[in-house]
Engineer: 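One structure follows; several queries about it will come next.
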Protein chains: 2
Amino acid sequence: MFKLNKCLILHPIRNNTMSHIELNDKKIQILNVAEKLFSEKGFEGTSIRDISKEAKINIAMVSYYFGSKERLLEALIFHKTVDLKLQLENLLQEDIKPLEKVNKLIEIYINRICLNKGIYRVLHFELYNKKREKSLQAFTELKKGNLKSVESIIKQGQAQGVFRKDVNIQLITPTIIGTFFHFHMNRSFFEELFDLKTEEMFNNYIKNDLTKHIQQTIKALLVYEN
Amino acid sequence: MFKLNKCLILHPIRNNTMSHIELNDKKIQILNVAEKLFSEKGFEGTSIRDISKEAKINIAMVSYYFGSKERLLEALIFHKTVDLKLQLENLLQEDIKPLEKVNKLIEIYINRICLNKGIYRVLHFELYNKKREKSLQAFTELKKGNLKSVESIIKQGQAQGVFRKDVNIQLITPTIIGTFFHFHMNRSFFEELFDLKTEEMFNNYIKNDLTKHIQQTIKALLVYEN
DNA sequence: GTTTAATTTAAACACTTGTTTAATTTTGTT
DNA sequence: AACAAAATTAAACAAGTGTTTAAATTAAAC
């Protein structure tokens with residue numbers, strides 16, 4: 001759309017650290033506001049002016065720190081997805097029953113996405129948008145890793161004879177995350193349906209009822225009971 | 001943003017029929033292009049110029065026929081969601097076993113959303129966007145109706161003693177649609193994972209494997225086997 | 001064939017967009 | 001205190017936005 005007619009110093013460096021790793025207060029502030037607004041209004045629906053107004057900074061600061069709106073999105077994705085991978089790998093090592101592990105997995109997923117509500121909404125939408133593919137490659141890698149973790153947990157259970165073997169392992173994550181997401185995407189519908197008047201009530205419903213439903217569903221699917 | 005300084009004749013009438021019901025060829029053409037582009041690039045990410053270029057019409061025609069971009073979205077939603085309701089109500093009347101009915105329900109859902117891929121993506125995204133609430137009220141009504149259909153099917157099964165009673169009926173739709181949607185939203189990820197090289201292979205995977213997985217999951221959740 | 005209404009058009013409107021500029025202020029180092 | 005680097009600013013940039021206008025074309029009705 002617009003070409004850089006000069007190569008800017010896109011990543012100002014302080015204290016000899018690379019700026020896309022070092023995130024000073026102002027950068028984090030921008031990222032948080034961006035996450036909020038992107039998730040509320042979409043990437044295209046949010047202007048840099050919206051962001052800078054809400055973050056109480058000058059418009060130029062976004063370009064100054066991140067180079068462009070596109071790169072801001074990249075930085076946001078990177079910043080928000082780094083540690084889920086670690087959490088799952090730790091779970092793998094735990095010495096508990098397979099079903100317990102699956103239940104914990106579900107809790108981790110829900111908790112993670114709940115904490116970073118915003119960015120996951122953006123991701124799932126922008127992801128479909130072909131032109132944004134490059135920005136989202138890191139996210140694809142994350143998903144591959146997650147799938148491997150899930151696979152090995154379930155195969156453990158199958159080897160122990162507690163999980164049935166005729167399940168499509170690769171489609172279990174879509175069921176877990178999809179259920180949760182659909183609930184979140186239709187938030188106002190379910191708020192009305194279950195009479196969840198406050199933010200707290202909504203979050204409690206997720207923590208208790210929705211989580212229980214997903215765990216019950218996956219258990220029913222996995223556990224041998226013929 | 002912009003005020004109408006004069007009340008336009010927004011719905012040109014021909015043959016004495018109301019235009020928001022009568023859709024001539026050009027209107028349908030615009031709606032189809034709008035659906036395609038909205039789903040590819042989002043509502044905000046698609047300009048009226050994009051639409052008019054792809055539909056090979058003048059920019060002004062969109063305002064002429066629909067009044068505004070916002071109203072175009074409303075017309076699109078209305079146009080694409082009218083008949084799902086009927087389909088579900090017919091299913092209710094069918095005289096088949098509860099589990100068969102649930103399986104058919106799942107097939108209807110998947111088929112429906114597959115046929116109107118585009119609009120459902122738009123809906124699920126724009127829905128979250130508070131400012132678009134009015135445009136989407138018709139969709140909320142649709143969901144309420146759907147939920148009632150699902151409820152009555154499952155309660156039938158429970159009354160016959162074939163479905164267990166400790167399930168959260170209201171969360172079954174999220175599991176069905178959520179699983180499917182998550183699969184669709186992460187299309188390119190699963191294309192790579194399952195090596196689905198062509199559009200046909202992808203659709204076949206949905207028709208066979210994904211549908212089977214969802215049916216298997218819901219069956220496991222519903223059917224008594226303690 | 002004329003008149004009326006509906007359709008289509010190019011151009012303009014007012015406004016928003018992401019980005020860059022050049023000048024200014026703040027900060028850190030010596 | 002003096003200097004350099006970094007941060008911040010207001011203003012401008014070119015391009016894009018949804019919408020409206022007024023004139024031109026087409027179709028329908030009489």
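By convention in this document, chain letters (A, B, ...) are assigned in the order of the sequence lines, proteins followed by strands, and residues within each chain are numbered from 1.
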Engineer: Between the side chains of N146(B) and S149(B), does any donor sit under 3.5 Å from an acceptor?
Structural biologist: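 No pair is found: no donor N or O on one side chain lies under 3.5 Å from an acceptor on the other.
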
Engineer: May I ask which nucleotide in the shown strands pairs with dA29(D), Watson-Crick or G-U wobble, both distances under 3.5 Å?
Structural biologist: dT2(C)

Engineer: Is Y65(B) close enough to dA6(C) that one of its side-chain N or O atoms is under 4.0 Å from OP1 or OP2 there?
Structural biologist: no

Engineer: For the side chain of K26(A), starting at C-beta, report the closest nucleotide among dT8(C), dT19(C), dT8(D).
Structural biologist: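 Output: dT8(D).
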
Engineer: How many Å lie between NZ on K53(A) and C1' on dT17(C), as a whole number?
Structural biologist: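 Rounding to the nearest Å, NZ of K53(A) and C1' of dT17(C) are 14 Å apart.
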
Engineer: Which listed nucleotide (dT19(D), dA10(D), dT8(C)) is nearest to the side chain of I48(B)?
Structural biologist: dT19(D)

Engineer: So, OP1 or OP2 of dT7(C): does either fall under 4.0 Å of a side-chain N or O from N58(B)?
Structural biologist: no

Engineer: Taking CZ from F43(B) and P from dT17(D), how many angstroms apart are they, rounded to a whole number?
Structural biologist: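 For the pair F43(B) CZ and dT17(D) P, the rounded distance is 13 Å.
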
Engineer: To the nearest Å, give me how far apart CD1 (I30(A)) and C1' (dT8(D)) are.
Structural biologist: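 Those two atoms, CD1 and C1', are 11 Å apart.
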
Engineer: Report yes if the side chains of F181(B) and F181(A) come closer than 4.5 Å at any heavy-atom pair, otherwise no.
Structural biologist: no

Engineer: L221(A) and H213(B): which non-hydrogen atoms are nearest, and at how many Å?
Structural biologist: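 So the minimum-distance heavy-atom pair works out to CD2-CE1, 3.9 Å.
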
Engineer: When you get a sec, tell me which of dA7(D), dA6(C), dA12(D) is the closest nucleotide to the side chain of R49(A)?
Structural biologist: dA12(D)

Engineer: Ion pair present between K144(A) and E192(B), side-chain N to carboxylate O less than 4.0 angstrom?
Structural biologist: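 Salt bridge flag = yes for E192(B) with K144(A).
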
Engineer: Should we count CD of E94(B) as having more than 12 external heavy atoms under 6.0 Å?
Structural biologist: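 More than 12 within 6.0 Å, yes.
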
Engineer: Would you mind reading off the distance between K27(B) atom NZ and dT8(C) atom P, rounded to a whole angstrom?
Structural biologist: 12 Å

Engineer: In whole angstroms, how far is the P atom of dT19(D) from the CG atom of D50(B)?
Structural biologist: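 Rounded to the whole Å, the gap is 14 Å.
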
Engineer: Any side-chain N or O of S47(B) less than 4.0 Å from the OP1 or OP2 oxygen of dT17(D)?
Structural biologist: yes

Engineer: So, does Y64(B) get its side chain near the phosphate of dT7(C), meaning an N or O under 4.0 Å from OP1 or OP2?
Structural biologist: yes

Engineer: Check the distance between dT17(C)'s C1' and I59(A)'s CD1 and give it to me in whole angstrom.
Structural biologist: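 It is 11 Å, rounded to the nearest whole Å.
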
Engineer: Identify whether any heavy atom of T46(A) sits under 4.0 Å from a base atom; if not, whether one sits that close to sugar-phosphate; answer base, sugar-phosphate or nothing.
Structural biologist: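 Touches sugar-phosphate only.
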
Engineer: Please determine, for the side chain of K69(A), which listed nucleotide (dT9(D), dG18(D), dG18(C)) has the closest atom?
Structural biologist: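 Within the option list, the nearest is dG18(C).
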
Engineer: Nearest whole angstrom, please: distance from the P of dT19(C) to the CZ of R71(A).
Structural biologist: 10 Å

Engineer: If I take atom NZ in residue K56(A) and atom C1' in nucleotide dT9(D), what distance separates them, rounded to the nearest angstrom?
Structural biologist: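 Checked: the NZ to C1' distance equals 18 Å.
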
